[in-house]
There are 2 protein chains.
Amino acid sequence: MVRTKNPAVRTRLIERAAQMLRAREPVTLRSVVRDTGLSTMAVYTYFGGMEGLWQAVRQEGFTRLAAELGTVTRTKDPVRDLTALGAAYVTNALANPDLYRVMFDATVDLENPTAADDTLHILVTTIERAQQADRFAPGADARSLATQCWAIGHGLVSLVATGPLPHDTLALGAPMLVALFVDAGDTPATCRDSVGRGWPFRPPGHDAGKP
Amino acid sequence: MVRTKNPAVRTRLIERAAQMLRAREPVTLRSVVRDTGLSTMAVYTYFGGMEGLWQAVRQEGFTRLAAELGTVTRTKDPVRDLTALGAAYVTNALANPDLYRVMFDATVDLENPTAADDTLHILVTTIERAQQADRFAPGADARSLATQCWAIGHGLVSLVATGPLPHDTLALGAPMLVALFVDAGDTPATCRDSVGRGWPFRPPGHDAGKP
DNA sequence: CCACAATACATGGCAACGCTATGTTTAGGA
DNA sequence: TCCTAAACATAGCGTTGCCATGTATTGTGG
């Protein structure tokens, strides 16, 4: 073995595919290598075919999502932070609906199967903070609660971003999270306040300004 | 205008596409008309192209879902019935994951934009029954609550059926619905019982039998 | 009743698709 | 310094969605 792969080529193809996805351009074997000086064989050398490239793009989507979740500011209110993480998840999906969709239309597995776990882990950490702050009951399974938050965020945003429901529907995330968090042990009034500060999506007639 | 379309051809192509989808066979312009005596032009006459056929298949998916939801038995416990509707939704998606996926990966709109409303209406009716039975507070917006139920069911099943989470995750639907229904006014103990009888998906170690 | 005309449908071909057999170039180890 | 294995280009195969063109068919006006 003598000639080695150039890792930059791999990254370049993934980023180009993601960029074309965002620009709503069709991502085909030929179009993804056009104007790159590469031939179609590059896709086979680095990914084994188009399906391998899609797998890598899905992986990239999870990576970017995890990075964006990691930028949510951490305050003294873990319930607000948990809500803000859910909102960041939704915002990311709305901003990149095509990349978000390919993340979940996988017939085959991701390259790194722990991508979903990584996504969940940030939520789990915040939930444990809420338990330590006596907002959530300490006995509850943080991972189960994190999965439930994920299901709410994913369900809402996938029905809105590429689905049949209008954008207003996202406002329902607030009462859903409140119901979940109160069930986990939080005080209703306090919880409503925390969620209200972390969830930016408002119902249609809502007046966000102060007189 | 002299020669008229044959509506049976339209139905035949839609059902053939849905059947091929279920059988995991690739649905292509040529494969869908193969062995039907029709040429590829039939797809253009009746649907204007493959995208039109996909739209019709999506519509068919919503129609079948609504029909299946309509078969859920109606008992004296509307909260159990509401839970059972959610479970039927999940079961349908698990049984037809490919048809379920095309229902929601629409770049364009459905033929009949009210398909989503029809899906919701069955839930709304059951929620109103729960309000009349003094299980849910009468003031709440039934449509909002129905949408929240939908988001929970859709979020869970899409993360499980074609997503990264294991089948066990579906058990989380029970506590999520309980939290939602208690928030809507139901009594926790009664609610847990109703949901427990309507939601068939159990956590991994659960022993469903009685000694 | 029947000829006209509009429409359903078949045929064949086009460009683009994913993929791969084959050949060429390149770079690390002997 | 060769030599060889891997990276990469070229070109072509079968298939895709689509459509221009031609033919067959059927409701309708005279």
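A note on names: the letters A, B, ... follow the listed sequences, proteins ahead of strands, and every chain is numbered from 1.
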B/E51 vs B/R58, test: salt bridge (Lys or Arg N to Asp or Glu O under 4.0 Å). Steps then yes/no. CA-CA 11 Å; B/E51 184 51 41; B/R58 279 192 282 274; 2.9 Å; yes
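In this entry the distance linking CD of A/E25 with P of C/dC17 reads 12 Å, nearest Å. As a whole-Å value, the separation of A/L38 CG from C/dT26 P is 15 Å. The CH2-P distance, from A/W54 to C/dC17, rounds to 13 Å in whole Å. Between the CE atom of B/M50 and the P atom of D/dG17 there is a distance of 5 Å, given to the nearest Å. If you take CG of B/L53 and P of D/dC18, they are 10 Å apart, rounded to a whole angstrom. As rounded to whole Å, 20 Å separates atom P of C/dT25 from atom CG of A/N6. Between the CG atom of A/L29 and the C1' atom of D/dA11 there is a distance of 14 Å, rounded to whole Å.
Axis angle between the ends of the helix from C/dC1-D/dG30 to C/dG29-D/dC2, five pairs each and rounded to 10 degrees, works out to 0°.
Using bins of under 30°, 30° to 60° and over 60° for the plane-to-plane angle, the ring pair B/H154/A/H154 lands in the parallel bin.
Here the nucleotide nearest the side chain of A/Y44, chosen from C/dC19, D/dG17, C/dT11, is C/dC19. Ranking C/dT20, C/dA8, D/dG17 by closeness to the B/R30 side chain, first place goes to D/dG17. With distances taken from any side-chain atom of A/M41 to the nucleotides C/dT11, C/dA21, C/dG18, the minimum falls on C/dA21.
Side-chain contact, B/R135 with B/S194: a donor N or O sits under 3.5 Å from an acceptor N or O.
Using a 4.0 Å cut-off between a side-chain N of Lys or Arg and a carboxylate O of Asp or Glu, A/D117 and A/R143 qualify as a salt bridge. A salt bridge is absent between A/E68 and A/R64: the closest approach of a Lys/Arg side-chain nitrogen to an acidic carboxylate oxygen does not fall below 4.0 angstrom. A salt bridge does not link A/D98 with A/R22: every distance from a Lys NZ or Arg NE/NH1/NH2 to an Asp or Glu carboxylate oxygen is 4.0 Å or more.
The 5' end of DNA chain C is approached more closely, in terms of each residue's nearest nucleotide, by B/V9 than by the other of A/P26 and B/V9. Closest-nucleotide positions on DNA chain D for A/T45 and A/T40 were compared, and the one nearer the 5' end corresponds to A/T45.
Phosphate proximity of D/dT16 to B/T28: present, with a side-chain N or O under 4.0 Å from OP1 or OP2. Side-chain nitrogen and oxygen atoms of B/Y46 include at least one within less than 4.0 Å of the OP1 or OP2 phosphate oxygen of C/dC9.
B/G48 comes within contact range of no nucleotide atom at all, as no heavy-atom separation falls under 4.0 Å.
The aromatic ring centroids of A/Y100 and A/F62 lie 6.0 Å or more from each other.
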